[in-house]
Amino acid sequence: MTGYTREELLAAHEQLVDNEANLLTDGGKEPPVVVKIGGAKAVDPKGAVSDVAHLVANGTDVVVVHGGSTAVDETLEELGEEPTYVESPSGVSGRFTDERTMEVFSMVMPGKLNTDLTALFREAGVDALGLSGVDGGLLTGPRKSAVRVVEDGKKKIKRGDHSGKITSVNATLLEALLDGGYTPIVTVPMLADDGVPVNADADRAAAAVAGALGAKLVVLTDVKGVYADPDDESTLIETADTPEGFSALESAAEGFMTKKVMAAKEALDGGAAEVVVSDANLNDPIVTALNDGGTHVTPGALVETEGAEQ
């Protein structure tokens, strides 16, 4: 990623100050922005840090949620242990978090990664405050001690998992921090209903936060968005604003992108204003996403689905 020069930073800041259309609609303040920063090595957070600094300086409330699976895997390997991934019956791959992995997870995510990222934001002039989902009961829900998996073509129950499903977000805590001028930097673990910290998917954590705040969710990753052909970036799906469009989006998503599309649905179901999946490795990734970059998914994409459920 090419970094900003000082002159470019100043120019971008002045542009945001002058461009009230980016911040206001109908005479009122825009919804908050929840930014999910991926944990893959290919995702450089520097552009996002600069963008958050500009947005916050100009009155936009921002909550950052970050991942870090790559760092967890590397730490496990340094300790002589292999990370375990499993496939669900629906074909979605995910981490299996046993007790030892959970210990490493808690050390790496809220310990090193959240601290380092919070420091990076503070260096950029953002009054950042690091939180895990355990703090203040921020992210809570039921624990999944066993998961259904497919091994060697057979469906099995795998026990000993330390993960959970986020069903509640302490939005009051986040709103109090935002009202106080802080920018929350959030990571999992979440707090399970038995009082134990457990793992949760960071994309879906960001979705839960965005839904609870009625926010715009920007999911930053290492590609431009969702591609109709996963191997061809020229096939970027720019918008999904109808049920048919969302169905096409689900069909196109493969691998890691599957969870991001699932997260988009969960965010909109929860009350998010919009979801954008976009490229992290730009000088201005968030502003680009909030304008016309990436893949935009609107509440209209789920209208028929919601009607059918009622």
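We use all heavy atoms of the structure for the numbers below, so side chains are in, but hydrogens, waters and symmetry mates are not. Model, not experiment: these values are computed from the prediction. Along the sequence shown, residues carry numbers from 1.
Inter-residue side-chain proximity for Phe121 and Thr118 is flagged as unmet; no heavy-atom pair is nearer than 4.5 Å. A heavy-atom distance below 4.5 Å is found between the side chains of Glu99 and His162. In this structure the side chain of Thr288 never reaches within 4.5 angstrom of the side chain of Pro285, judged on heavy atoms. Side-chain contact between Lys112 and Thr75 is absent, with no heavy atoms from C-beta onward closer than 4.5 Å. For the pair Val149/Phe96, no side-chain contact is recorded, criterion being any heavy-atom separation below 4.5 Å from C-beta on. A heavy-atom distance below 4.5 Å is not found between the side chains of Val198 and Thr97. With contacts defined as side-chain heavy-atom distances shorter than 4.5 Å, the pair Met262/Lys265 does not qualify. Side-chain contact between Glu233 and Val223: absent, with no pair of heavy atoms (C-beta onward) separated by less than 4.5 Å.
Between Glu30 atom CD and Leu55 atom CG the span is 10.5 Å, to the nearest 0.5 Å. Note that the CD1 atom of Ile185 and the CG atom of Leu113 stand 13.0 Å from one another [nearest 0.5 Å]. Atom OG1 of Thr183 and atom CG of Asp61 lie 8.0 Å apart (nearest 0.5 Å). Considering CZ of Arg100 and OG1 of Thr84, their distance stands at 13.0 Å, rounded to 0.5 Å. Going from atom CG of Leu282 over to atom CG of Asp51 covers 9.0 Å, rounded to the nearest 0.5 Å. Of the inter-residue distances, the one linking Arg95 atom CZ with Leu76 atom CG reads 6.5 Å to the nearest 0.5 angstrom.
Between the side chains of Asp98 and Thr101, a donor-acceptor pair is found at a separation under 3.5 Å.
Hydrophobic clustering of Ile, Leu, Val, Met, Phe, Trp and Tyr side chains at less than 4.5 Å, counting indirect connections, unites Leu213 with Leu268. No continuous path of hydrophobic side-chain contacts links Val147 to Ile166 [ILVMFWY only; heavy atoms under 4.5 Å]. In the hydrophobic clustering of this structure, Val276 does not group with Val65; members are Ile, Leu, Val, Met, Phe, Trp, Tyr whose side-chain heavy atoms approach within less than 4.5 Å, directly or through other members. Hydrophobic clustering (side-chain heavy atoms under 4.5 Å, transitive across Ile, Leu, Val, Met, Phe, Trp, Tyr) groups Tyr227 together with Val219. Residue Val86 is not grouped with residue Val72 when hydrophobic side chains (ILVMFWY) are merged at heavy-atom distances under 4.5 angstrom, including chains of intermediate members.
Side-chain atoms of Asp152 do not come within 3.5 Å of backbone N or O of Lys154 as any donor-acceptor pair. Of the possible polar contacts, one joining the Thr115 side chain to the Gly111 backbone as a donor-acceptor pair under 3.5 Å is found. With hydrogens and angles disregarded, a donor-acceptor distance shorter than 3.5 Å links the side chain of Asp201 to the backbone of Arg204. With Thr235 contributing its side chain and Asp229 its backbone, the two residues share a donor-acceptor pair below 3.5 Å.
Between Ala192 and Arg143, the shortest heavy-atom contact is CB-CB, 3.7 Å. Taking every heavy atom of both residues into account, Ala212 and Val169 meet most closely at CB-CB, 3.8 Å. Contact between Lys36 and Ala206 at its shortest, heavy atoms only, is CB-CB, 3.8 Å. The two residues Leu131 and Asn114 come nearest to each other via the heavy atoms N-OD1, 3.6 Å. Closest non-hydrogen pair, Asn199 versus Met102, comes out as N-SD, 3.5 Å. When all heavy atoms of Asp222 and Asp279 are compared, the closest pair comes out as C-OD1, 4.4 Å.
Atom OH of Tyr182 has 12 or fewer heavy atoms from other residues, nucleotides or ligands within 6.0 Å. Shown here is Glu123, whose CD atom has no more than 12 heavy atoms of other residues, nucleotides or ligands within 6.0 Å. Shown here is Asp232, whose CG atom has more than 12 heavy atoms of other residues, nucleotides or ligands within 6.0 Å.
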>> Does Val34 form a side-chain contact (heavy atoms from CB on, under 4.5 Å) with Lys216? I'd like the steps, not just the answer.
In response: CA-CA 6 Å; Val34 173; Lys216 293 183 178 181; over 6 Å; no
> Can Val287 and Asn291 be said to form a side-chain contact (heavy atoms from CB on, under 4.5 Å), step by step?
Replying inline: CA-CA 6 Å; Val287 171; Asn291 289 314; 3.4 Å; yes
>> For a side-chain contact (heavy atoms from CB on, under 4.5 Å) check, start with the C-alpha distance between Ser69 and Tyr85, then their side-chain angles and the critical distance, and finish with the verdict.
In response: CA-CA 11 Å; Ser69 287; Tyr85 285 86; 4.2 Å; yes
>> Test side-chain contact (heavy atoms from CB on, under 4.5 Å) on Leu120 and Val126; report intermediate values, then the result.
In response: CA-CA 9 Å; Leu120 195 61; Val126 177; over 6 Å; no
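Applying side chain to side chain contact (heavy atoms under 4.5 Å, CB included) to Leu302 and the options Thr242, Val297, Asp269 leaves one that passes, Asp269.
Between Asp203 and Lys259 there is no salt bridge, since none of the side-chain N atoms of the basic residue sits less than 4.0 Å from a carboxylate O of the acidic one.
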